[in-house]
Protein chains: 2
Amino acid sequence: MARRKDHTREELTALATKCGQQLVIAEGPSALTARNVAKMMGYTAGTLYNIFENIDGLAAAINIQSMDSFAKGIEEILRHNAKPKKRLRLISKAYLTFQEEEPYLWALLFATPINSDSDAYRQAVHRIFDQVAEALQPLSGSAKAARQDAKILWSTLHGICLLKEHGKLDVSTTDTPEELVKRFLDQFLQK
Amino acid sequence: MARRKDHTREELTALATKCGQQLVIAEGPSALTARNVAKMMGYTAGTLYNIFENIDGLAAAINIQSMDSFAKGIEEILRHNAKPKKRLRLISKAYLTFQEEEPYLWALLFATPINSDSDAYRQAVHRIFDQVAEALQPLSGSAKAARQDAKILWSTLHGICLLKEHGKLDVSTTDTPEELVKRFLDQFLQK
DNA sequence: AATAATATTGAACAATGTTCAAATATATTC
DNA sequence: GAATATATTTGAACATTGTTCAATATTATT
């Protein structure tokens with residue numbers, strides 16, 4: 001039953017990641033089961049365990065892709081905008097937009113027990129953090145302060161999105177995530 | 001096999017909540033299984049489904065208890081401190097302390113798919129939010145602004161704790177949660 | 001004492017992650 | 001080109017979840 005030439009190991013990884021991502025986008029993180037993904041790939045569950053150590057490994061691969069895609073967006077922002085405050089407002093908006101447009105991919109980012117020993121994962125995280133810190137540098141002063149502010153900014157963005165997702169925001173009325181982020185940034189950026 | 005007088009319905013609820021809490025504290029949210037809790041109670045899994053609609057209902061009960069306990073702490077702070085900034089620094093510190101001392105209970109708060117139709121849950125959340133908003137009122141101006149700032153503050157505290165938990169904080173070096181919160185508050189409270 | 005009401009059990013079901021011997025397809029060797 | 005070695009895929013199995021529900025055991029009522 002082996003079909004060794006159907007897909008190389010790399011192709012299998014890519015295929016599994018693509019299928020997994022589609023499943024998550026369509027049905028949410030809970031649809032990311034070994035059997036679901038395998039069926040969509042045209043393989044069986046066992047094959048997945050040839051590629052990933054476990055199902056969290058597949059989730060990590062999807063997350064890395066999400067982060068890389070997001071990092072590219074930030075790069076664009078940094079390329080086309082020179083003013084620090086403008087940059088940070090756009091980056092923040094990009095975060096909200098990502099959660100708005102792909103809520104399930106966003107949820108997967110924080111539903112997955114991260115594999116701290118995965119270098120690829122760490123790199124993807126750092127790529128984003130470094131960009132945000134770079135954007136903050138002119139406002140924060142030292143590099144260390146910029147890194148701290150990046151963590152604060154990221155924490156706040158994430159927390160606000162969480163509140164939204166959990167329906168604790170009374171979004172219907174006035175406190176939209178956008179408004180909260182604006183209020184936060186107005187304070188945070190006046191350095 | 002029925003032991004109708006062993007425990008009333010209320011006692012059963014309390015017992016299940018207590019056992020569940022102990023399990024979570026000792027072994028983490030993943031130990032909160034129906035069979036685990038039931039065994040600790042001296043019952044079987046089926047009994048739990050007489051009390052709670054599902055296992056998330058039990059998690060919700062534990063979370064409500066966590067929030068109530070936390071709310072009491074905030075009340076103490078508000079009772080003994082009049083100055084707005086001092087209040088907020090202590091409340092923030094209390095949040096960090098809770099996550100430090102009961103990391104698993106804290107994790108359960110955000111690992112549980114919240115039952116939005118649970119009044120008790122909503123109340124517990126609001127009790128905390130209202131207190132924080134009250135503490136912010138003198139600094140934020142309007143009641144609406146205070147509620148927004150409460151959400152921002154809460155989001156940031158939560159996000160920082162998440163970063164810490166996920167090991168993305170390089171805590172070992174310099175960026176402790178305490179330091180990040182201090183930096184955030186120094187900005188946030190200067191109104 | 002007989003009957004009704006109720007609480008509890010325990011077995012069952014489906015779905016999950018995960019493992020691994022067996023089966024099968026390709027590569028290599030002679 | 002046949003035989004052997006290597007690698008890949010399967011599919012069945014296992015343990016563990018949540019969850020349901022008829023059967024059973026206990027208490028309440030008549």
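Lettering follows sequence order; numbering is per chain, from 1. Not measured: the values here are computed from a predicted model.
T33(B) comes within contact range of the sugar-phosphate backbone alone, with a heavy-atom separation under 4.0 Å but no base atom that close. Counting any heavy atom pair closer than 4.0 Å across all strands shown, L12(A) reaches sugar-phosphate atoms only and no base atom. In this structure, L48(A) reaches neither bases nor backbone, as no heavy-atom distance under 4.0 Å exists between it and the strands shown. Among the heavy atoms of the strands lying under 4.0 Å from L32(B) are primed sugar atoms or P, OP1, OP2 only; no base atom is included.
Between the CZ atom of F52(A) and the P atom of dT18(C) there is a distance of 13 Å, rounded to whole Å. The distance from atom CG of D56(A) to atom P of dT16(C) is 15 Å, rounded to the nearest whole Å. With rounding to whole Å, L15(B) atom CG is found 15 Å from dA7(C) atom C1'. Following rounding to the nearest Å, N54(A) (CG) and dT19(C) (C1') show an atom-to-atom distance of 13 Å.
A salt bridge is defined here as a Lys NZ or Arg NE, NH1 or NH2 lying under 4.0 Å from an Asp or Glu carboxylate O, and K164(B) with E100(B) meets this definition.
Residues satisfying the salt bridge (Lys or Arg N to Asp or Glu O under 4.0 Å) test with K182(A), not counting sequence neighbours, are D186(A).
Taking the six-membered ring where the residue is Trp, H158(A) and H158(B) present parallel rings, their angle staying beneath 30° rather than reaching 60°.
Rounding to the nearest 0.5 Å places CD1 of I152(B) at 7.5 Å from CZ of F184(A).
Comparing G46(A) and R35(A) against DNA chain C, the residue whose closest nucleotide sits nearer the 5' end is R35(A).
Among dT18(C), dG18(D), dT8(C), the nucleotide with an atom closest to any side-chain atom of Y43(B) is dT8(C). Side chain of N50(B), nearest nucleotide from dT9(C), dT19(D), dT8(C): dT8(C). Of the listed nucleotides (dT18(C), dT19(D), dG10(C)), dT18(C) has the atom at the smallest distance from the side chain of A34(A).
For the pair T47(B) and dT9(C), the criterion of a side-chain N or O lying under 4.0 Å from OP1 or OP2 is met.
Counting distance only, with no hydrogens placed and no angle test, the side-chain atoms of R9(A) and the base atoms of dT8(D) include no donor-acceptor pair under 3.5 Å.
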